[in-house]
Protein chains: 2
Amino acid sequence: MKSTSKPQGRLLYAQSGGVTAVINATAAGVIEAARAKGVAVYAARNGILGALREELIDTGKETKAAIAALRHTPGGAFGSCRYKLKSLEAHRAEYERLIDVFRAHDIRWFLYNGGNDSADTALKISQIGKALGYPIATIGVPKTVDNDLAVTDCCPGFGSVAKYTAVSVAEASLDVESMCESSTKVFVIEVMGRHAGWIAAAAGLAARKAGDPPHVILFPEIAFDEDKFLARVQRTVARVGYCTVVVSEGVKNAAGQFLAEAGTRDAFGHTQLGGAAPVIAQLVKSKLGYKYHWALPDYLQRSARHLASRVDADQAYAVGKAAVEYAQKGMNAVMPVIVRTSDKPYRWKIEPASLEKVANHEKKLPPGYIAKDGYGITAAARRYLGPLIRGEDPPPYGKDGIPDYVRLRNVRVKKKLAKYSIEDK
Amino acid sequence: MKSTSKPQGRLLYAQSGGVTAVINATAAGVIEAARAKGVAVYAARNGILGALREELIDTGKETKAAIAALRHTPGGAFGSCRYKLKSLEAHRAEYERLIDVFRAHDIRWFLYNGGNDSADTALKISQIGKALGYPIATIGVPKTVDNDLAVTDCCPGFGSVAKYTAVSVAEASLDVESMCESSTKVFVIEVMGRHAGWIAAAAGLAARKAGDPPHVILFPEIAFDEDKFLARVQRTVARVGYCTVVVSEGVKNAAGQFLAEAGTRDAFGHTQLGGAAPVIAQLVKSKLGYKYHWALPDYLQRSARHLASRVDADQAYAVGKAAVEYAQKGMNAVMPVIVRTSDKPYRWKIEPASLEKVANHEKKLPPGYIAKDGYGITAAARRYLGPLIRGEDPPPYGKDGIPDYVRLRNVRVKKKLAKYSIEDK
């Protein structure tokens with residue numbers, strides 16, 4: 001049954017962790033590159049969970065047009081998951097099950113598309129193949145809106161959320177400015193980034209010149225100082241009539257508590273998560289008396305494919321394509337990373353990096369990117385962030401005015417193994 | 001000093017109430033049409049407040065390119081305000097002051113661009129001119145994201161917030177769907193519309209076929225029924241694995257209280273406004289145990305010029321242009337309204353309507369637009385709403401990846417009158 005003209009074995013691709021506006025562009029890069037080489041691609045349904053359960057999707061059943069449309073479709077087309085494999089020692093059976101599934105379906109290359117945890121999982125899988133005597137090449141493929149992966153200059157997914165945030169801040173600020181004399185004076189927008197202020201910093205790109213909004217950025221890296229913040233807001237309102245505040249969901253007070261948790265409790269007494277913006281807004285109202293509005297775009301920011309950064313979409317596709325090339329070259333335990341070769345003009349290339357150098361390291365926002373006063377970004381931050389939001393890559397729209405996002409057929413591969421139950425999922 | 005080749009008198013244009021993604025397109029329509037006729041246009045700074053204070057802007061100092069760029073710039077370029085003139089009887093002095101300002105600057109046409117209150121103000125001004133012996137023609141120009149103006153088929157500003165909402169719901173739902181097995185199962189997005197569910201209804205356009213998200217829309221027209229809602233969410237999660245809920249900020253419980261106010265109080269004991277989404281999300285969590293996320297785009301939805309509806313942007317420009325034509329024809333106390341002449345293909349034209357028929361009436365969402373179960377929209381709603389979000393009209397972007405929104409010079413006209421203080425602003 002096996003065609004002699006095709007390389008032996010199949011490639012398994014899986015998406016992991018929080019999805020982005022461009023993770024499917026990476027999937028398109030993987031599948032198109034593999035098809036060009038005559039390699040069949042299976043995708044795991046819901047990330048590693050599908051690999052463990054032998055829930056596999058045959059991407060060969062999708063048309064060329066459908067795969068091409070992944071390039072402009074947000075979300076994770078095969079499903080993703082939040083599930084971290086335990087250590088090899090703690091749960092060797094899980095790794096053995098993966099190898100069983102790989103063997104049953106002649107999977108020779110495993111591409112795991114995710115963030116820090118996924119790089120760690122990919123690294124572990126890359127090690128067990130040899131131990132269990134099954135030849136599996138494992139490639140990590142970078143993805144995270146958090147931009148916190150080590151080694152790579154930036155992470156696919158980040159540029160688009162950065163662009164969404166900067167554009168939204170610019171637009172909403174024009175709105176607030178128009179009305180500030182007799183209406184809202186302080187506008188607070190909360191952005192993602194529980195551990196690092198990359199997205200908060202990107203909001204600073206909305207300002208083309210000094211004094212432009214956002215006027216205050218609250219970074220998770222800087223403990224919130226109420227008095228200093230209020231004084232800054234008051235000065236800004238006195239100077240320009242209004243104040244746009246960007247607050248990272250990860251901002252903490254001096255005691256190390258998240259503002260979102262320290263502040264608000266709901267009617268049931270639960271702390272209200274994802275609510276740093278209302279806490280800041282209420283503080284401004286109670287202490288300064290200004291009328292406020294606040295926004296919390298939440299998933300809108302990471303799924304806004306309609307406003308993707310062209311650079312980001314291109315890089316997301318390129319890492320997918322490179323991952324297939326590395327796999328075909330017989331590489332193992334590597335990740336295609338983005339290397340910046342020039343700031344001005346912005347130039348980049350893809351290179352392989354050892355998964356060991358990526359896994360379990362976190363790239364923090366450099367202190368040199370935060371302005372001295374703690375409320376803005378520096379020229380160095382602009383130099384780094386600026387190129388990542390450049391260029392537009394709008395999806396095609398239907399006649400109904402809604403983008404034509406693709407929904408794959410996702411045809412399942414027939415199972416060959418006994419059912420497997422995942423513990424404590 | 002007066003040029004004999006130009007028509008006598010000037011036109012005063014003012015923006016009022018909440019601004020939109022396309023109110024400046026109306027300003028462009030006004031100024032370009034007036035320039036074509038050789039009529040000078042002043043704009044009032046911050047709406048009627050600027051007219052009262054004699055804070056006038058000479059739009060003749062702006063370049064042709066700057067005025068053209070208004071067509072793609074969100075917010076209110078001359079500033080807007082929330083300020084309602086009192087009745088003629090209660091505060092005649094205020095109307096007299098307006099006439100004084102008009103007379104001092106040879107203002108013969110007054111174009112007031114706003115919603116319900118502004119139509120009422122325009123109507124009053126249209127009446128006082130005659131009473132005070134000053135020839136002023138007053139034209140109301142429609143604008144409101146709330147889509148609640150009478151007579152006109154739709155309101156400039158609404159189509160773009162409708163498109164933003166529908167696209168955002170479609171995108172975020174793809175995100176949630178990808179992750180629902182092991183992460184968020186219920187996503188709640190709160191939209192504007194305190195008195196009518198027009199924007200909530202527009203979210204329904206995200207669904208191209210039955211079963212598509214949004215799965216539940218909570219309209220302000222329907223009293224919130226907790227048990228029925230929770231059962232619906234549970235059934236939806238059982239069927240498709242997740243549930244997207246759109247909640248209007250104006251949703252009330254059976255007792256007539258806004259959910260946003262009935263539910264959450266912050267650390268200071270204040271009710272938390274603009275927070276129907278967290279109330280719904282917490283309810284789902286506490287009663288059904290599902291992991292949730294919620295979004296509250298707030299001003300982002302009405303300022304998202306980057307995702308404007310082409311139909312909306314065109315109509316916004318057209319009402320501005322028509323307003324100038326009506327003024328030049330000597331009409332008074334009218335508003336250019338949008339008349340739908342065909343659903344399929346969608347066709348519209350602009351006609352004058354009496355301000356008396358528009359002012360102080362509110363167009364409610366017809367009961368026939370809400371599905372029988374109270375959680376979705378009908379085919380009639382789709383027929384009406386569908387055309388309003390059609391077509392894209394992206395702004396030009398700079399090389400930096402940010403839209404090139406224009407900032408006018410806003411050169412002030414020299415004051416001729418004594419200072420005027422506005423009472424109880």
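This one's a predicted model, so the numbers in the text were calculated from it and none came from an experiment. In what follows, chains are A, B, ... by sequence order, proteins preceding strands, each numbered from 1.
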For [X], which atoms come within 4.5 Å of any heavy atom of chain A: side chain, backbone, both, or neither?
| X | result |
| --- | --- |
| B/Glu177 | side chain |
| B/Ile189 | side chain |
| B/Arg45 | neither |

At their closest point, which heavy atom of [X] faces which heavy atom of [Y], and how far apart are they?
| X | Y | answer |
| --- | --- | --- |
| A/Ala27 | A/Leu70 | CB-CD1, 4.1 Å |
| A/Asp117 | A/Lys84 | OD1-NZ, 3.4 Å |
| B/Ala77 | B/Leu408 | CB-CD1, 3.8 Å |
| B/Ser80 | B/Val19 | CB-CG1, 3.7 Å |

* Atom pair CD/OG1 of B/Glu171 and A/Thr73 - distance to nearest 0.5 Å ->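 It comes to 10.0 Å.
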* Structure fact -> Separation between NE2 (A/His72) and CG (A/Asp404), nearest 0.5 Å, reads 6.5 Å
Given the options [options], which has more heavy-atom pairs under 4.5 Å with chain B than any of the others?
| options | answer |
| --- | --- |
| A/Thr184, A/Asp175, A/Val169 | A/Asp175 |
| A/Lys163, A/Met179, A/Arg390 | A/Met179 |
| A/Leu205, A/Ile402, A/Ile389, A/Asn46 | A/Ile402 |
| A/Gly79, A/Gly386, A/Ala170, A/Pro387 | A/Gly79 |

* Asked: When you check the side-chain N and O atoms of B/Gln15 and B/Asn24, is any donor under 3.5 Å from an acceptor?
  ->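 Side-chain D/A pair, B/Gln15 to B/Asn24: present.
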* Asked: For residues A/Tyr292 and A/Gln282, is any side-chain donor paired with an opposing acceptor at under 3.5 Å?
  -> yes
Heavy-atom side-chain contact between [X] and [Y] under 4.5 Å:
| X | Y | answer |
| --- | --- | --- |
| A/Tyr346 | A/Leu388 | yes |
| A/Glu190 | A/Val247 | yes |
| B/Asn113 | B/Ser118 | no |

* Structure fact -> Of B/Gly401, B/Gly76, B/Ser178, B/Gly75, the largest count of non-hydrogen pairs under 4.5 angstrom with chain A goes to B/Ser178
* Structure fact -> Against chain B, residues from residues 304-313 of chain A with at least one heavy atom under 4.5 Å, in numeric order, are A/Ala304, A/Arg305, A/His306, A/Leu307
Tell me, side chain or backbone of [X] under 4.5 Å from chain B's heavy atoms, or both, or neither?
| X | result |
| --- | --- |
| A/Phe78 | neither |
| A/Tyr164 | side chain |
| A/Arg208 | side chain |
| A/Asp400 | both |
| A/Ser183 | side chain |

* To do: Identify which one of B/Pro214, B/Ser168, B/Pro213 satisfies the side-chain contact (heavy atoms from CB on, under 4.5 Å) criterion when paired with B/Val246.
  => B/Pro214
